[in-house]
Amino acid sequence: MHEKYLLRYSVLIQDIPIRGSLQTAVISFFDEDNKKVCILKYGVVRPEEIYALIDKGEKINLRYAYVKDFSLSDYRTSKGLDDHVIVKLKDFTAKKTFFDCEICTDFSYGEFEGAKSLFDSSVFGNGNINFSNCSFRDGEASFKRVKFGSGSTTFKSVKFGTGLVSFNNTNFGTGNLNFVDVDFGNGDVDFKNTWFGDGMIDFKFSRFAKGDISFEHASFGRGKKDFKNVEFGGGRIDFKRINFNDGDVSFDGVEFGDGKVSFRNSEFGKGHKSFEQADFAQGEAMFDQTDFGSGSVSFKNCRVDHISFRGCPLNCYFDLRLAQCQLADLSNTIIRDIVDVIPENEKVVIQALKLTDVRILGRIFIDWRSNQVFGLIYNQKDTSLFQKGEQFRILKENFRNNGQYEDEDAAYLEFKRCEAKANLQASLAAGKKNAFIAYPVYYFQKYVFDYIGRYATAPTRVLANVFVTVILFSLIYYGATEWFPSFGMVATTLPNELSHVHAFSNDIYYSFITFFTIGYGDYFPDGFLKAVASFEGFTGVFLMSYFTVAFVRKILR
C-alpha cells in the first residue's frame, strides 16, 4: 500500500471495541485496478477526545487510531481563540495512525513538546494536510514511512529544532507539497527514498543549518521542483541517485554553504534545469554520471570552487557561464548538444577546465582569448602532459568545427608542444641513456617545427625566417671571401672586361639565387663553401615547402 502513489481506500465503522476504543474502523485499501490489497483495523478516536487531552496538558498517544476531521483551527474556534494562537501538543505519538477528513486535517500553529514527535507509518487520507507554522522545538520529528493522499500538503513556515527531522520512505501522494520558508534547525534532515508525487514541490526560502541533509534515492513526479533561494548550512548535502522526472527544476539563488554537494547518478527528465546564481561557496559540487535529460541546463553566474560533471551524457544545451570557479571537470562526458563557457564581458572566471577523454558530438562554445584556454589546460594539477595535449587536440577539432581557425591554430600548437615534451619525458623515464638521442630530437623539433613556423600555423613567421636565413648565409659567404679565402670563396664567371668588385650585396644576391635554387651561373662557390651552398639550397627547398603548406592552409580556410 505504501508504494502506491494514489491512495484508494474505504472506511467501515463497527461498534466493536478494540485497543481501548469503543468502535473499530475497518479500512480496506485498493490498487489501481480497484482490487482489494489489504484490510487494516484501527480504534476510533474522536477529535473531541484529543482536544480534552490538550486542555489537560496530558500526553497524546494515537497509536493504531482512526481519527476523522482533526483540526486545531476548529479547536481554537471552540475555545474562542484567535486563529494564530499556539496550541501545545505534549509528547505527541501517532504511529500507524489513520488521519481521515472531508476537507482538511489541520495541525497549523501546533507546538509539539517533548523529546520526540512521531508520525511513523501513519496514513493521511485524500483531503488537504496542514502543518503550517508548527513548531517542533528541539525534539525529534519523525514522519518515516508516512503515506499522504491526493490532497495538498503544507509545512509552510514550520520550525524544527536540533533533533533529527526524518521523512525517510515517506510518500507525499499526488497533491502539491509546500515546504516554503521552513526552518529545519541544526539537526540532520532525512528525505531518503521519499516519493514527492506529481504535484508542485516547493521548498523556496527554506533554511538548513549545521546538520547533514540527504535526499538520496528520492523520486519526484512531473510537477515543478522549486528549491529557489534555499539556504543550506555547513553539513553534507546529498542529492545522489534522485529521479527528478519531467518538469522544471529550479535551484536558482541557492546558498549551499561550504559543505560537499553531491548529485551523482541522479536523473533529470524533460524541462529546464536551473542553478543560476547558486552559491556553492568554497565547497565541491559533484554531478558525476548525472543524466540531465532533455530541455536545457543553466549554471549561469553560479559560484563554486570545484564542480564536476565526470561521465555525464550532455544531451541538451548546457550553460556553464559561471561567475567564479577554480576547476570545472568535464572528463569522460559525451557532449551531444552545446556547452557554453564563454564568459560575459570577457571576464575569465574558470581557472581550470578539464576535458580529458571528452567526446564532442555537438559543440563547445569557448574562446581562446576570452576564456584564456592556455591557462585552463595548463592550470590542471593532476593531469599528465599527454592528457593536456589530448585536451588541446579535442579543442582544436572543436574550434575547426566552429570556424574559429585562429583558435584552432593556437590549440594545435599547444597540442604539438605537449606531445613533444611528453615524448621527451617518456624517453627519459625509459632510461637515462636515451638522453643522448631524446634531447637532440626534442630540440631539433622545437627549433625546426615550432620556432620557425609554429607547426605550419604561421606562414609569415616562416617567411621571416627565410630572410634571416638568406642574410645569415650571405654573412658566411662574405666573411669567408674577405677574411678566410683558404676556407673558400664565392667566385664569378663574369668576363674580365666587365668591372667586378666583390661586395656584400653580391653575396646577398648569390645567397638568394642559391636559396631559391635558381643558379644563374654568374657566381659559384669554391672550396668548403660548396658544402655550405648545398646546405643552403636544401634549406631553401625545405623552408619554401614549409611556407607553401602554411600559406595554402591559411588560404583554404
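Hydrogens, waters and symmetry mates play no part in the numbers below; they use all other heavy atoms, side chains included. Remember, predicted model here, so these are calculated numbers, not experimental data.
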Checking the side chain of [X] only, and the main-chain atoms of [Y] only, is there a donor and an acceptor separated by less than 3.5 Å?
X	Y	answer
Asp367	Arg369	yes
Lys354	Ala352	no
Arg359	Asp357	yes
Asn465	Ile452	yes
Asn402	Ile364	yes
Asn379	Gln351	yes
Asn434	Ser427	yes
Asp305	Glu284	no
Arg336	Pro313	no

Should Glu408 and Lys396 be marked as a salt bridge (charged side-chain N to carboxylate O under 4.0 Å, His left out) after you check the CA-CA gap, both sets of side-chain angles, and the distance that decides it?
-> CA-CA 5 Å; Glu408 178 194 359; Lys396 168 197 172 294; 3.6 Å; yes
For a 4.5 angstrom cut-off between non-hydrogen side-chain atoms, does [X] reach [Y]?
X	Y	result
Lys273	Ser298	no
Asp288	Ser308	yes
Val339	Asp319	no
Leu376	Val341	no
Tyr477	Tyr510	yes
Lys240	Phe263	no
Asn301	Glu276	no
Gln425	Leu385	yes

Tell me whether [X] is salt-bridged to [Y], with the criterion being a basic N under 4.0 Å from an acidic carboxylate O.
X	Y	result
Asp450	Arg417	yes
Lys260	Asp238	no
Lys228	Asp202	no
Asp329	Arg310	yes
Lys300	Asp340	no
Asp409	Lys554	yes

Where does the angle between the aromatic ring planes of [X] and [Y] fall among parallel (under 30°), tilted (30 to 60°) and perpendicular (over 60°)?
X	Y	value
Phe155	Phe172	perpendicular
Phe215	Phe203	perpendicular
Phe374	Tyr378	tilted
Phe244	Phe251	perpendicular
Phe449	Tyr455	parallel
Tyr412	Phe415	tilted
Phe220	Phe227	perpendicular
Phe191	Phe167	parallel
Phe208	Phe184	parallel

Counting the benzene-type ring for Trp, do [X] and [Y] have ring centres under 6.0 Å apart?
X	Y	value
Phe473	Phe515	no
Phe299	Phe309	yes
Tyr443	Tyr447	no
Tyr478	Trp483	yes

Side chains of Asp181 and Ser157, donor plus acceptor under 3.5 Å | yes
Can a donor-acceptor pair be found between the side chains of Gln326 and His306 at a distance below 3.5 Å?
-> no
Roughly how far, to the nearest 0.5 Å, is the [atom2] atom of [Y] from the [atom1] atom of [X]?
X	Y	atom1	atom2	value
Gln380	Gln387	CD	CD	8.5 Å
Lys224	Ile201	NZ	CD1	12.5 Å
Leu529	Thr481	CG	OG1	6.0 Å
Ile335	Asn398	CD1	CG	7.5 Å
Phe487	Ile476	CZ	CD1	8.0 Å
Lys388	Gln391	NZ	CD	7.5 Å

Please find the pair of heavy atoms, one from [X] and one from [Y], that lie closest to each other, and give the distance.
X	Y	result
Met200	Asn176	N-OD1, 2.8 Å
Ser266	Ile242	OG-N, 3.1 Å
Asp198	Arg222	OD1-N, 3.1 Å
Gly453	Val462	CA-CG2, 3.6 Å
Ser474	Asp507	OG-O, 3.5 Å
Ile307	Leu322	CG2-CD1, 4.4 Å

Please walk me through it: do Asp279 and Arg303 pass salt bridge (charged side-chain N to carboxylate O under 4.0 Å, His left out)?
-> CA-CA 5 Å; Asp279 189 353; Arg303 296 180 179 273; 5.6 Å; no
Check step by step if side-chain hydrogen bond (donor to acceptor under 3.5 Å, both in side chains) holds for Asp252 and Ser274.
-> CA-CA 6 Å; Asp252 292 348; Ser274 179; 2.3 Å; yes
Check whether more than 12 heavy atoms from other residues, nucleotides or ligands sit under 6.0 Å from atom [atom1] of [X], and answer yes or no.
X	atom1	result
Phe542	CZ	yes
His217	NE2	no
Ile437	CD1	no
Phe551	CZ	no

Looking at Phe399, is Arg363 sitting on its ring face, NZ or CZ under 6.0 Å from the six-membered ring centre and within 45 degrees of the normal?
->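 No - Arg363 does not lie over the ring of Phe399 by the 6.0 Å and 45° rule.
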Could you go through the side chain to side chain contact (heavy atoms under 4.5 Å, CB included) check for Asp188 and Val165 one step at a time?
-> CA-CA 6 Å; Asp188 294 342; Val165 179; over 6 Å; no
